[in-house]
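This is a predicted model, so every value here is computed, not measured. Basis for what follows: all heavy atoms, side chains included, without hydrogens, waters or symmetry-related copies. Throughout, a chain's letter reflects where its sequence line sits, starting with A, and its residues are numbered from 1.
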2 protein chains.
Amino acid sequence: MKINTKFPMAVHILALLAMKDEMGEDCGCMQEEEREGGRGDCGCHSSGNEGCSCTSEMLAKSIGTNPVVVRRLISSLKEAGLVNCRPGVAGASLGRDASQITLLDVYRAVRGQEDGMVLDVHTKACPRCPVGKNITAALEEPFARAQEAMEEKLREYTLSDIAFSIEEKRKK
Amino acid sequence: MKINTKFPMAVHILALLAMKDEMGEDCGCMQEEEREGGRGDCGCHSSGNEGCSCTSEMLAKSIGTNPVVVRRLISSLKEAGLVNCRPGVAGASLGRDASQITLLDVYRAVRGQEDGMVLDVHTKACPRCPVGKNITAALEEPFARAQEAMEEKLREYTLSDIAFSIEEKRKK
DNA sequence: TAAACCTGTAACTATAATTGTTACAGGAGG
DNA sequence: CCTCCTGTAACAATTATAGTTACAGGTTTA
């Protein structure tokens, strides 16, 4: 693992929620299961006809991680208004329509609350050397602009796009 | 420290080399020293009038790291044609004019040779779930586009710009 | 209201990536 | 030939990230 698998995991969660919405009670795992003629092993497949309730455990199995990791992510997503959930009651749902949630929203929701730049500076430069003293400040603007450019691109993709893309690939 | 302090460190090295070029034998540390009326403690100040020879040890002191780290970075930079250096002979110099070296060149020279994307995917998604099976592929394009956008922005800045920026801040 | 199940969160552990360090072979130059 | 430097391998330390355990409290159902 490298940096920030939180971001793709969060998108994964939201995609599951989005596809559950589109498909009613069934998150899509059931169809898959019927087509392949066997039980999946990811556990996000429910055992009856009641469909996917999207508990943290089921989501975790689909993602391949721990339920607590999922809850932590959902906690961040909730804070950003991207999901609805309540203590004690199973499942989560999208906070607004999938077409109104961009990848940038997700990125910002789950990145570390501090700076959260993809490009980092080094912090131990010699404070008495003309270069060491000023290099950090000199890199500030380029790095901020690069960050902006990346974020603007993320803004161009919505959760609908991702869900659609998953559907397309699934059909193949 | 977070991810990739190699990149800012590499820029730091190149900035030192660039400013050494502009100032002849003296990398600029001497002026700083005279102005402040005392010896700096970063060691990139030479002790006589012979100026900065930009050995890995001096560069390391300015950056605040180990000489071996500097040599490793220089090794990558050399491979990319951004610096010249020879075994056994002290110092390094720019491989081409500072105006012809972009931050993207530096970024590419020092990032891990593998994928090297700033946005990462999670790899343990359930292979039997329709979402888990396709989410990675669905994220590929958005993440690649975001990467491109960031890289294009880095391409807009040259080492000259950075050196100029450092000079400006230094005068204040 | 008791039982079962879920969320939310803290605290801790494990793991993996990055950085730092030691050591040494070999080139360059006085 | 002595000193200093680069280049690199091998290893240690550090740090960030993810995973885990544990538990308090909410909700639903019977």
Rounded off to whole Å, could you give me the [atom1]-to-[atom2] distance for the [X] and [N] pair?
X        : N      : atom1 : atom2 : answer
B/Lys6   : C/dT19 : NZ    : P     : 6 Å
B/Asn4   : D/dT17 : CG    : P     : 13 Å
B/Ile13  : D/dG7  : CD1   : P     : 12 Å
B/Leu59  : D/dC5  : CG    : P     : 12 Å
A/Leu73  : D/dT20 : CG    : P     : 14 Å
A/Met58  : C/dT7  : CE    : P     : 10 Å
A/Arg111 : D/dA18 : CZ    : C1'   : 20 Å
A/His122 : C/dT19 : NE2   : C1'   : 14 Å

Answer with yes or no whether the hydrophobic clustering places B/Val68 together with B/Leu73; edges join I, L, V, M, F, W, Y residues whose side-chain heavy atoms lie under 4.5 Å apart.
->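 Each belongs to a different hydrophobic cluster.
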
A/Met9-A/Leu94 co-clustered via ILVMFWY side chain contacts under 4.5 Å |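 Same hydrophobic cluster.
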
Could you tell me whether A/Glu151 and A/Arg111 make a salt bridge, using a distance below 4.0 angstrom between a side-chain N and a carboxylate O?
->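 Looking at A/Arg111 together with A/Glu151, the answer is yes, because their closest N to O distance falls below 4.0 Å.
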
Would you give a per-nucleotide map of nucleotides 21-30 of chain C, 5' to 3', where B means the base has a protein non-hydrogen atom under 4.0 Å away, S means only the sugar-phosphate does, and - means neither?
-> BBB--BBSS-

Which of residues 74-83 of chain B have a heavy atom under 4.0 Å from DNA chain D?
->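 By residue number: B/Ser75, B/Lys78.
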
Do other residues, nucleotides or ligands put more than 12 heavy atoms under 6.0 Å from the CD atom of B/Glu168?
->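 It does: B/Glu168 CD has more than 12 such atoms within range.
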
Partners of [X] by salt bridge (charged side-chain N to carboxylate O under 4.0 Å, His left out), sequence neighbours excluded?
X        : value
A/Glu148 : A/Arg145
A/Lys78  : none
B/Arg72  : none

Between C/dC6 and A/Ser56, is there an OP1 or OP2 to side-chain N/O distance shorter than 4.0 Å?
->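 Looking at the OP1 and OP2 atoms of C/dC6, neither is under 4.0 Å from any side-chain N or O of A/Ser56.
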
Answer yes or no: does a side-chain N or O of B/Lys124 lie under 4.0 Å from OP1 or OP2 of D/dG19?
->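 So the side-chain polar atoms of B/Lys124 do come within 4.0 Å of the phosphate oxygens OP1 or OP2 of D/dG19, strictly under.
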
Where does the angle between the aromatic ring planes of A/Phe143 and B/Phe7 fall among parallel (under 30°), tilted (30 to 60°) and perpendicular (over 60°)?
->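 Rings of A/Phe143 and B/Phe7: parallel, as their planes differ by under 30°.
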
Residues two or more places apart in sequence or in another chain: which of them pass side-chain hydrogen bond (donor to acceptor under 3.5 Å, both in side chains) with B/Arg155?
->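 B/Arg155 satisfies side-chain hydrogen bond (donor to acceptor under 3.5 Å, both in side chains) with B/Glu152 only.
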
